[in-house]
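Below, all heavy atoms of this structure are taken into account, side chains as well, without hydrogens, waters or symmetry copies. None of these values were measured; they are calculated from a predicted model. Residue numbers start from 1 in every chain, and the chains themselves are labelled A, B, ... in the order their sequence lines are given, proteins ahead of strands.
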Amino acid sequence: MRRSKIQIQDLNMEYGKNNKVVVDDVQMEFVERRKVPRSEKDQGKKQGDKVEVLKSITLNIYEGEFVCILGPSGCGKSTLLKIIAGFIQPTSGVITIDGHRVTGPRPNNIFVFQEGGLFPWLTVYENVALGIRHLATEEEKQERVYEYLEMVDLLGFENHYPHMLSGGMKQRAEIARALAVKPEILYMDEPFSGLDFLTRLHLREELINMHLYIQKTILFVTHDIDEAIQLADRLIVLSDRPSEVKMNYEIKEAHPRDINTGELRSIRQQLYLSLGVHYTL
Amino acid sequence: MGENSRLCKFFSFAQVGISGHRTRVTIKNVASPSKICPLIIFLLMLVIWEITSMVGMYDSGTLPPPSRVIKAFSELASNGILLRYSVASLFRVTVGFYLAVFLGMSIGVLLGVWQRGCQMFHALIQFLRPISPLAWIPFALLWFGIGDGSAIFLIFLSSFFPMLFSTIVAVKNIPRLYFQTGANFGFTKAEFFKLVIFPAILPEVVTAMRISLGVAWLVVVAAEMIAVKSGLGYLIIDSRNALRMDYVIVAMITIGVIGLTIDKVISQLQKPGFVRWKFEKK
């Protein structure tokens with residue numbers, strides 16, 4: 001039998017896009033901390049046993065993409081995002097950003113938390129100025145802070161402490177703090193889930209505008225299917241634990257989007273079904 | 001109007017519990033008209049005290065009447081003893097307390113951050129903490145002799161362990177989120193201390209300061225009864241030996257008033273915005 005000289009397997013090629021974030025075969029295990037297993041499939045597991053959370057996740061994320069990671073509750077979406085951001089080390093596998101291996105959090109990739117990421121002991125101004133504390137002059141800093149406070153519509157609140165703001169304002173302040181750094185990548189872990197419905201819709205709109213305007217790479221974890229369809233350039237659906245990439249779907253539809261028509265409608269129905277819920281009630 | 005405002009007053013108690021913002025307003029509204037009531041009760045007690053003493057219901061030597069106390073007060077105030085002794089007591093409390101806050105906080109932060117160290121010292125701290133500072137009096141006298149040194153040492157002991165313990169707990173309770181945020185923004189070690197750890201524990205530290213300063217003020221009286229020859233505690237024990245119970249009461253009242261003032265002053269530390277967040281209800 002002849003040995004092949006050049007072997008090509010599963011080669012994919014796309015033009016006009018740079019690989020920004022590469023997640024290569026990431027696996028994650030946790031130690032079981034519950035005395036009583038959380039679900040049926042963990043039956044028989046004892047405290048101290050290993051629980052497989054992520055199983056062989058491989059992803060390519062491109063420059064400037066808005067990527068939404070969807071999945072059922074407890075499937076490891078946030079874990080995956082924290083691994084990519086460098087807060088957690090995976091059990092195995094490698095994350096590379098622009099070809100450099102991720103070993104820890106970095107100041108040019110900012111993480112926006114679900115809630116309460118602002119330092120409560122600093123004013124809004126001081127919080128936003130945190131990431132740009134190395135800027136040379138005070139004027140430069142001030143200019144940058146006001147620029148981004150204006151962007152998230154928080155002018156006039158710069159001397160307020162976070163506990164004086166509403167939930168939506170806090171979230172906007174945190175987004176301003178993240179953007180003021182002019183980060184390469186923005187990680188957002190269910191940033192709007194603690195907000196009321198209308199505020200959430202507003203912030204979604206603002207986030208879309210912002211993304212169109214500044215074209216940063218955004219990784220956005222959510223459990224809200226509609227949110228994901230409205231926001232994402234690419235949808236990644238994780239399966240239940242141990243999680244694998246169940247779906248990796250590119251949405252080419254331009255903004256503004258009506259999720260109840262055409263292609264988006266069928267994606268939405270498909271997603272509802274794949275996550276085990278009905279899209280009509 | 002009358003009926004209405006009475007109803008308002010009644011319900012304002014309920015409002016205090018519900019929304020934090022109204023607290024300040026409503027308490028003022030409720031308190032102002034009834035401020036006279038406690039005052040009347042206070043005066044009434046003084047009058048009964050004076051009258052019962054006048055009619056000779058008991059020996060005025062064992063419980064001197066208010067008039068005698070006022071006279072004793074003017075005596076002690078005019079010959080400067082009261083001021084001198086108050087200053088002496090305050091001096092000891094201040095030095096002992098500052099030492100305790102400084103050492104308690106620095107060691108507390110260190111042990112809060114350094115997990116292994118905390119585990120190692122935990123048993124020792126828990127063992128020493130419940131021992132009353134007054135139990136140390138024999139050693140205080142032996143090591144520092146009669147004088148400011150032993151009083152300061154006892155006050156230090158009374159404040160050090162509460163400060164140390166609350167600081168350790170406060171550092172351990174800082175949400176991991178803040179450290180992750182700090183790491184994300186590339187904080188250096190020094191910046192973690194300056195921008196995360198120190199401001200995050202400040203509200204708890206201020207509360208602990210308030211409590212331990214109260215305790216320190218209690219302990220100074222006891223310490224001065226034994227370990228020194230000046231101060232308000234010494235005034236009490238010295239007057240008792242001379243059977244001047246009127247002086248004892250003057251000293252007691254002075255201790256109470258100073259203690260109240262100190263607490264009022266230190267409670268101001270809970271006001272600024274960078275501490276306020278912790279005391280604000282969500």
Among the options Arg133(A), Arg177(A), His134(A), pick out the one with the most heavy-atom pairs lying under 4.5 Å from chain B. Arg133(A)

Check each atom of Tyr161(A) against the heavy atoms of chain B and say whether the ones under 4.5 Å are side chain, backbone, both or neither. side chain

Checking heavy atoms, do the side chain of His160(A), its backbone, both or neither come under 4.5 Å from chain B? neither

Aromatic ring proximity, centroids under 6.0 angstrom, Phe156(B) and Phe160(B): yes

Tested for side chain to side chain contact (heavy atoms under 4.5 Å, CB included) against Phe66(A), the lone hit among Leu207(A), Ile208(A), Leu186(A), Ile61(A) is Leu207(A)

Please flag which part of Val275(B) lies under 4.5 Å from any non-hydrogen atom of chain A: side chain, backbone, both or neither. neither

Residue Leu202(B) versus chain A: region with a heavy atom under 4.5 Å: neither

With under 30° as parallel and over 60° as perpendicular, where do the rings of Phe111(A) and Phe87(A) fit, or are they tilted in between? perpendicular

Audit row: Lys278(B), Glu204(B), salt bridge (charged side-chain N to carboxylate O under 4.0 Å, His left out) steps and yes/no: CA-CA 8 Å; Lys278(B) 195 81 186 195; Glu204(B) 269 102 339; 3.4 Å; yes

Given Phe119(A), which partner from the list Phe198(B), Tyr178(B), Phe179(B), Phe274(B) fulfils the ring-ring contact (aromatic ring centres under 6.0 Å, His included) test? Tyr178(B)

Between Asn108(A) and chain B, which part of the residue has a heavy atom less than 4.5 Å away: side chain, backbone, both or neither? neither

